[in-house]
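All remarks here apply to the structure that follows.
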Amino acid sequence: MKPLLQIIIFVFSITIFSQKNKIDSIHKIEELILDKKLDSASIYLNKVSENNYTTLLEKIVNGKSLSYAEQYKFFTQVSNRQSVRFEKVSNYLNENLQEPENRKKINSDYVFLQWTHVSKLRDEVSLEKASQLQKDLENYVNSFDDSNVDVQKEKIRITTHPIVMYQIQQDVKNGKKLCLESLEKAEKIGDKKLQIVFLYHLTDFFIIEGKLQEYIDVSEKSLQLENELPEHSPYYFSIIQHLIDAYIYKGDNNKRVTELLDKLYLNESTKIQTYSLYAKLISRLDNNSPLKQEILNKFEVSNVAEFVKKIEVLGKDLNPNDFFHILNEGAHALEKNEYYQEAIRYKDKALFLTRKIYSEDLSNSLADYKTEQAVKVKEQEIAYEKEKTSLYAIIAILAIVLLLIALLVMRKIRKQSKELSQKNKIIKQTLKEKELLVKEVHHRVKNNFQIVSSLLELQSRGIEDEKAKELANEGKNRIKSMALIHQKLYQNETGLVNFDEYIQLLVKELSAMYGSDNKVETSISSENMSFDVDTAIPLGLIINEIITNSYKYAFRNNKNNKLSIAINKNKDNNYQLVIEDNGPGLSNDFDIKKAKSLGLRLINRLVKQLQGSLNQTNKNGAKFEISFKDFNTRQLIN
């Protein structure tokens with residue numbers, strides 16, 4: 001029996017290895033098609049065994065026309081891969097997809113493909129491109145008579161984009177109205193899949209309104225409709241995830257939560273998404289809960305620390321945003337089960353990952369912009385050299401006929417002037433578009449920081465330990481201070497942060513959070529102080545930490561509370577930040593450079609980052625004097 005078992009294991013291993021090679025080859029073919037390297041794709045196709053999908057790939061490589069259903073199949077295969085940039089998939093579709101020629105009957109396959117395309121563009125590329133494609137799709141659909149049921153369905157379907165735009169703008173009134181109108185139309189024609197679409201989007205507005213029970217009821221209704229369909233819609237697993245989240249947050253629904261978790265866990269394509277949900281559930285269970293032990297047994301671990309470590313390894317292939325949830329929920333589970341050191345470590349990992357994601361997005365966008373500009377300048381230089389060479393040739397050939405040469409030269413100059421004028425217009429338009437792109441990047445960063453802040457707000461409500469709750473609130477304030485920086489960047493044409501406006505907003509935020517019955521008289525002196533993003537973020541965090549300490553400790557019993565904030569520029573082009581309050585101050589033997597609190601350690605580290613120095617004194621209250629250098633000065637020193 002032993003040799004037979006070894007043979008079986010060997011054959012099984014060979015099968016798995018062969019299957020993996022086949023998948024890798026298909027992925028390579030897809031990428032070569034997107035890169036327009038069809039000859040290379042053809043070579044790889046000859047090495048892969050034939051099936052329905054490879055037959056479809058072969059049609060693409062050989063330049064044969066595809067139906068819209070076939071285009072959709074290829075589109076979904078490549079757009080669902082994390083390693084493929086969706087913008088490349090979108091460009092491929094724009095180049096190869098033609099609007100249907102038949103104007104007598106609407107093509108539902110075409111509408112569904114472009115509707116999905118709009119959704120992906122909106123989520124992964126830009127709202128501007130998604131809205132432009134939405135406008136083209138609306139023009140196509142609206143060109144048909146809506147007395148036809150198929151036309152009615154597609155007109156209902158394409159209302160999802162304006163609904164999502166209302167959601168982004170937090171316009172609950174108009175968004176819910178359009179959503180409910182579309183849902184009513186879908187119910188009237190009896191289309192369950194369309195009903196699921198608008199019930200799903202309706203729950204987004206319940207989230208904004210904070211209506212948890214309505215959110216659960218509508219999601220359960222969606223799930224009931226899913227079970228009535230012959231095959232599930234693309235929203236099925238997302239609906240289950242939303243329900244799990246809602247039930248965990250509400251509490252006392254563990255039986256329903258485990259039922260829904262099993263549906264995801266037993267499906268290979270969604271199993272990896274359950275790890276953060278299991279961690280979230282554990283963070284809400286009592287330490288002696290039997291369900292907690294069942295989960296630990298499922299993952300073959302003996303305690304929560306081992307569980308979090310295991311799901312971190314299992315979830316390593318997730319995209320950065322989803323992996324953030326594993327780290328974040330893992331930190332909450334550890335904190336709930338009194339693994340405080342590990343909880344802080346995982347929370348730090350989550351925050352580091354968040355900052356890395358946004359920094360990389362911004363860097364990549366700016367790098368792409370600079371590369372494109374360099375290429376355009378080089379192309380203009382080459383074109384100019386070609387024109388100049390042609391001009392010299394013409395002058396040499398026609399030197400004898402001076403009058404004709406003069407006429408030709410004048411004509412050529414006018415032509416060049418016109419071309420240069422057109423090129424200048426193109427360059428100006430391109431620069432304008434790239435400025436909008438950079439602003440959009442800052443806008444997205446600000447929105448994502450606000451999402452993280454909202455998540456911390458929601459999670460802090462469930463924390464009973466006051467120290468942990470205070471740490472969570474301080475983390476939320478730091479994220480808000482960075483979000484304000486990016487808000488100011490996309491509102492400012494110069495790419496610099498106006499710190500007078502920034503400090504006013506920051507003080508207003510902190511005053512609302514820590515303010516008491518005692519009024520604080522605040523003096524701000526920072527006119528004409530603007531900084532780049534590399535200086536603004538650490539400087540904003542420093543100001544946030546110091547003002548937070550003043551509100552927490554300086555203004556408890558004093559009725560005549562005063563706070564002063566000033567930023568000045570020295571003669572040697574360095575800057576000085578001075579923050580004073582009239583509270584009791586710090587103890588005289590306190591050494592701020594050896595402070596153990598997270599906030600003061602953060603201040604010390606950020607001052608070093610700005611190549612500055614920190615001095616703290618006590619005279620009628622606490623006084624912080626920080627000298628620092630802006631980005632250009634730091635670059636000159638380095």
Side-chain angles (χ1 to χ4, degrees), residues 210 212-213 215-217 219-220 223 237 240-267 270-316 318 322-351 454-476 598:
L212 180 61
Q213 191 55 49
Y215 178 91
I216 291 172
D217 294 341
S219 297
E220 286 286 12
L223 204 56
F237 290 117
I240 293 176
Q241 283 183 263
H242 286 185
L243 269 172
I244 292 170
D245 250 339
Y247 277 129
I248 291 175
Y249 183 77
K250 184 180 179 183
D252 298 327
N253 294 277
N254 292 341
K255 183 178 180 182
R256 182 60 173 153
V257 170
T258 52
E259 287 175 2
L260 295 170
L261 272 169
D262 285 341
K263 290 179 185 291
L264 297 182
Y265 188 81
L266 296 175
N267 184 293
T270 57
K271 183 176 184 178
I272 197 169
Q273 302 292 338
T274 64
Y275 302 145
S276 62
L277 295 171
Y278 275 116
K280 180 179 285 189
L281 178 57
I282 284 178
S283 70
R284 295 301 181 98
L285 295 173
D286 294 333
N287 289 339
N288 56 354
S289 168
L291 178 55
K292 185 179 83 170
Q293 191 57 49
E294 287 178 22
I295 296 171
L296 296 179
N297 292 339
K298 181 189 285 279
F299 284 85
E300 299 178 349
V301 294
S302 58
N303 56 56
V304 173
E306 291 179 8
F307 165 76
V308 173
K309 187 175 181 180
K310 185 164 187 177
I311 63 172
E312 180 186 8
V313 174
L314 292 172
K316 67 182 187 312
L318 283 166
D322 289 336
F323 190 60
F324 164 80
H325 291 298
I326 284 184
L327 298 175
N328 195 44
E329 298 301 341
H332 291 309
L334 289 165
E335 187 271 333
K336 171 69 176 179
N337 288 270
E338 300 180 358
Y339 293 96
Y340 296 116
Q341 291 296 329
E342 291 86 345
I344 292 171
R345 187 164 58 86
Y346 273 87
K347 180 63 72 175
D348 287 342
K349 282 185 178 182
L351 290 174
S454 298
L455 286 172
L456 287 172
E457 175 68 24
L458 288 172
Q459 292 300 325
S460 65
R461 292 177 186 174
I463 298 175
E464 296 179 358
D465 182 83
E466 288 300 319
K467 182 64 177 175
K469 192 169 185 178
E470 182 182 350
L471 288 172
N473 285 331
E474 288 176 355
K476 181 182 68 178
L598 178 61

Under the salt bridge (Lys or Arg N to Asp or Glu O under 4.0 Å) test, residues paired with Glu338 that sit two or more places apart: none

Using side-chain heavy atoms (C-beta onward) and a distance below 4.5 Å, is Leu285 in contact with Asn254? yes

Check this for me: Asp252, atom CG, are more than 12 non-hydrogen atoms of other residues, nucleotides or ligands nearer than 6.0 Å? no

Within the supplied structure, the quantity of interest is the number of heavy atoms (other residues, nucleotides, ligands) at a distance under 6.0 Å from Lys310 NZ; does it exceed 12? yes

Could you measure the distance from the CG atom of Leu223 to the NZ atom of Lys263? Nearest 0.5 Å is fine. 6.5 Å

Side-chain donor or acceptor of Asp286 paired with backbone N/O of Ser289 under 3.5 Å: no

On a heavy-atom basis, the closest approach of Lys309 and Tyr346 is CA-OH, 3.6 Å

How far apart are the closest heavy atoms of Gly315 and Phe323, and which atoms are they? O-CD1, 3.2 Å

Which pairs, with at least one residue in residues 270-279 and sequence neighbours excluded, count as a salt bridge (Lys or Arg N to Asp or Glu O under 4.0 Å)? none

Does either side chain, that of Gln293 or that of Asn297, offer a donor lying less than 3.5 Å from an acceptor on the other one? yes

Any side-chain heavy-atom pair of Leu260 and Leu264 under 4.5 Å: no

Taking every heavy atom of Leu296 against every heavy atom of Ile282, the minimum-distance pair comes out as CD2-CD1, 4.5 Å

So, does Asn253 use its side chain to make a donor-acceptor pair with the main chain of Gly251 at under 3.5 Å? yes

Could you work out, with side-chain hydrogen bond (donor to acceptor under 3.5 Å, both in side chains) as the rule, every residue matching Asn267, not counting sequence neighbours? Ser269

Working to the nearest 0.5 Å, report the span between CD1 of Ile295 and CG of Leu261. 7.5 Å

Decide yes or no for Thr270 and Gln241: does some side-chain heavy atom of the first lie under 4.5 Å from some side-chain heavy atom of the second? no

Test item: Leu291 and Leu281 side chains (from C-beta on) under 4.5 Å apart, heavy atoms: yes

When rounded to the nearest 0.5 angstrom, what distance separates CD in Glu335 from NE2 in His332? 8.5 Å

For Ile311 and Ala279, which heavy atoms make the closest approach, and how far apart are they? CD1-CB, 3.9 Å

Taking only residues two or more places apart in sequence or in another chain, which ones pass ring-ring contact (aromatic ring centres under 6.0 Å, His included) with Tyr278? Tyr265, Phe299

Give a yes or no on whether the backbone of Arg284 and the side-chain of Lys336 come within a donor-acceptor separation of less than 3.5 Å. no

For Asp262, check salt bridge (Lys or Arg N to Asp or Glu O under 4.0 Å) against everything at least two apart and list the hits. Lys298

Salt bridge check, Glu342 against Arg345: does any charged N sit closer than 4.0 Å to a carboxylate O? no

Counting C-beta onward and ignoring hydrogens, is there a side-chain heavy-atom pair between Lys280 and Asp245 closer than 4.5 Å? yes

Other residues, nucleotides, ligands: >12 heavy atoms within 6.0 Å of Gln341 CD: no

For the residue pair Ile216 and Ala246, what are the closest heavy atoms and their distance? CG1-CB, 3.6 Å

Kindly compute the distance separating CG (Leu334) from CG (Asn303), expressed to the nearest 0.5 Å. 9.5 Å

Could you tell me which non-hydrogen atom of Ile272 sits nearest to which non-hydrogen atom of Leu314, and how far apart they are? CD1-O, 3.8 Å

Sidechain-backbone polar pair: Asn337 side chain, Tyr339 backbone, donor-acceptor under 3.5 Å: no

Main-chain N/O of Phe324 paired with Asn328 side-chain donor or acceptor, under 3.5 Å: no

For Glu312, salt bridge (Lys or Arg N to Asp or Glu O under 4.0 Å) partners two or more places apart: Lys349

